There are 2 protein chains.
Amino acid sequence: MRVPKKERQRLLQETIEHNPFIKDEELSKQFSVSIQTIRLDRMELKIPEVRERIKHVASEHLDEVKSLSMSEVIGDMIDLKLDDSAISVLDIEKEHVFSRNEIARGHVLFAQANSLAVALINDELALTTKADIRFSRQVHLGERVVAKARVLKLRGDGRTDVTVESYVGEECVFDGDFTIYRRSEEEQA
Amino acid sequence: MRVPKKERQRLLQETIEHNPFIKDEELSKQFSVSIQTIRLDRMELKIPEVRERIKHVASEHLDEVKSLSMSEVIGDMIDLKLDDSAISVLDIEKEHVFSRNEIARGHVLFAQANSLAVALINDELALTTKADIRFSRQVHLGERVVAKARVLKLRGDGRTDVTVESYVGEECVFDGDFTIYRRSEEEQA
DNA sequence: CTGCTATTAGTACCAGGTATTAAGTTCTTT
DNA sequence: AAAGAACTTAATACCTGGTACTAATAGCAG
């Protein structure tokens with residue numbers, strides 16, 4: 001359980017890095033050393049106390065605007081008819097663009113379209129199996145992208161063809177054909 | 001300087017909302033009341049102490065940290081030969097998956113592949129114009145996806161064909177053919 | 001003046017530390 | 001095996017930014 005100092009300090013650094021909220025007491029238990037040893041280690045490694053660490057994380061937060069919530073549908077869903085059609089809106093902000101030229105990254109538009117296509121499916125599980133996509137015009141910082149998804153065909157075998165077209169104003173900026181797999185419980189990515 | 005209680009509490013709420021880092025002492029000075037009055041106000045308004053507030057801000061931050069990686073190359077680039085080939089590694093974590101079944105979302109794999117294809121291009125500007133992709137097997141939480149990109153053809157007109165294959169171990173989980181547009185300064189998304 | 005709310009004061013206590021001094025405990029190295 | 005250095009633990013005083021509680025006072029309406 002007990003590791004040599006160098007190794008412990010390496011692990012300590014890692015541990016704190018990935019969980020800045022951890023207290024000395026917990027650390028001392030984790031490494032089976034006294035709390036004082038942990039404090040000495042922190043001193044040597046110049047790692048501040050837990051409150052300072054938390055404060056730091058929090059203040060970084062303040063600088064940043066909203067980030068991409070990769071985890072949920074990207075954009076705001078404004079209309080949804082299951083197994084039929086759906087619309088979502090995404091305002092292009094600076095976390096979506098290349099800093100050099102302020103043009104939206106391809107996977108942002110893809111993410112909006114893909115999320116929408118998946119959300120459209122009226123089933124427990126829906127996963128994209130295939131997509132053919134085209135980016136027809138660049139999208140700039142500040143523009144509003146409206147994605148429209150429509151079910152083309154509900155096949156018997158669990159696959160559904162969905163087409164998505166994304167617009168900035170009147171202009172089509174992206175379109176794609178998706179094949180989405182649905183199932184009650186398992187498989188396919 | 002001294003305002004009635006109701007008004008003070010309204011202002012207090014606002015003040016704290018827009019600066020969660022402020023301490024009772026500072027607040028008491030700002031409103032020209034004693035520190036105890038501030039504490040009573042916080043009690044009535046159910047506003048927690050400063051450390052808790054900071055902790056809260058910081059923990060919100062933690063949820064978002066990971067998704068920020070969306071803005072840069074997704075995954076860690078472990079090999080890169082410009083205009084030739086590149087490899088990146090992405091460990092699937094919980095922000096990448098559907099919570100229901102712990103299967104990675106399609107646009108995560110797409111983002112990794114797309115970022116890699118774009119990074120591969122040895123030019124100021126590189127933008128995806130077209131992609132045909134297939135998801136051949138679902139990827140689960142905790143798995144490590146290795147994406148390998150290879151340039152197929154450098155066309156004269158600024159377009160480059162790149163193929164990307166992503167693996168978990170020996171298994172191919174994703175593959176796609178991308179057409180990337182390059183240019184010194186402007187256009188195309 | 002009485003009564004009521006609002007405010008202020010004071011004290012004890014807590015978490016999670018810092019800072020310092022001192023006393024072990026190991027590991028080497030001779 | 002003895003000496004020394006490096007490492008670890010202990011003990012104590014003190015700090016910040018509070019909580020929780022009790023009690024005293026201020027200001028004003030009826």
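Convention: sequence-line order gives letters A, B, ...; per-chain numbering from 1. Just so we're clear, the structure is a prediction, and the values are computed from it rather than from any experiment.
Rounded to the nearest 0.5 angstrom, Ser28(B) OG and Ile35(B) CD1 are separated by 5.0 Å. Arg53(A) contributes atom CZ, which lies 6.0 Å from atom CZ of Arg42(A) (distance to the nearest 0.5 angstrom). Distance CZ/Arg159(B) to OG1/Thr179(B): 6.5 Å, rounded to 0.5 Å. For the atom pair Arg182(A) CZ and Asp157(A) CG, the distance stands at 10.5 Å (nearest 0.5 Å). Rounded to the nearest 0.5 angstrom, Glu49(A) CD and Met43(A) CE are separated by 12.0 Å.
Not one N or O on the side chain of Ser166(B) forms a donor-acceptor pair closer than 3.5 Å with the backbone of Val145(B). Formation of a donor-acceptor pair under 3.5 Å by the Glu7(B) side chain with backbone atoms of Pro4(B) is not found in this model. Within the 3.5 Å criterion, the main-chain N or O of Tyr181(B) finds no donor-acceptor partner in the side chain of Thr129(B).
Applying a 4.0 Å cut-off to non-hydrogen atoms, the residues of residues 37-52 of chain B that approach DNA chain D are Arg39(B), Arg42(B), Glu49(B), Val50(B), Arg51(B), listed by residue number. Of the residues in residues 8-17 of chain B, none has a non-hydrogen atom less than 4.0 angstrom from any atom of DNA chain D.
The outermost nucleotides of DNA chain D lying under 4.0 Å from heavy atoms of chain B, listed 5' to 3', are dT16(D) to dT19(D). Taking every nucleotide of DNA chain C with any atom under 4.0 Å from a non-hydrogen atom of chain A, the first and last of them, 5' to 3', are dA15(C) to dT18(C).
Val108(B) has its side chain out of reach of Val139(B): every pair of non-hydrogen atoms, C-beta onward, lies at least 4.5 Å apart.
Residues Glu25(B) and Lys23(B) are not paired through a salt bridge, judged by the lack of any N-O separation under 4.0 Å between the basic side chain and the carboxylate.
Shown are Gln36(A), Lys29(A), Arg39(A); of these, the side-chain hydrogen bond (donor to acceptor under 3.5 Å, both in side chains) with Asp24(A) is made only by Arg39(A).
Every salt bridge (Lys or Arg N to Asp or Glu O under 4.0 Å) that Arg8(A) has, sequence neighbours left out, goes to Asp41(A).
Taking five base pairs at each end of the helix from dC1(C)-dG30(D) to dT30(C)-dA1(D) and finding the rotation axis that steps the C1' atoms of four pairs onto the next four gives two axes whose angle is 10°, to the nearest 10°.
Stacking of Lys55(A) on the aromatic ring of Phe21(B) is not recorded, the 6.0 Å distance cut-off and the 45° axial limit not both being met.
Summary of the strand contacts: Gln36(A) and Arg53(A) both lie near DNA chain C, and taking for each the nucleotide with the nearest heavy atom, the more 5' one is attributed to Arg53(A).
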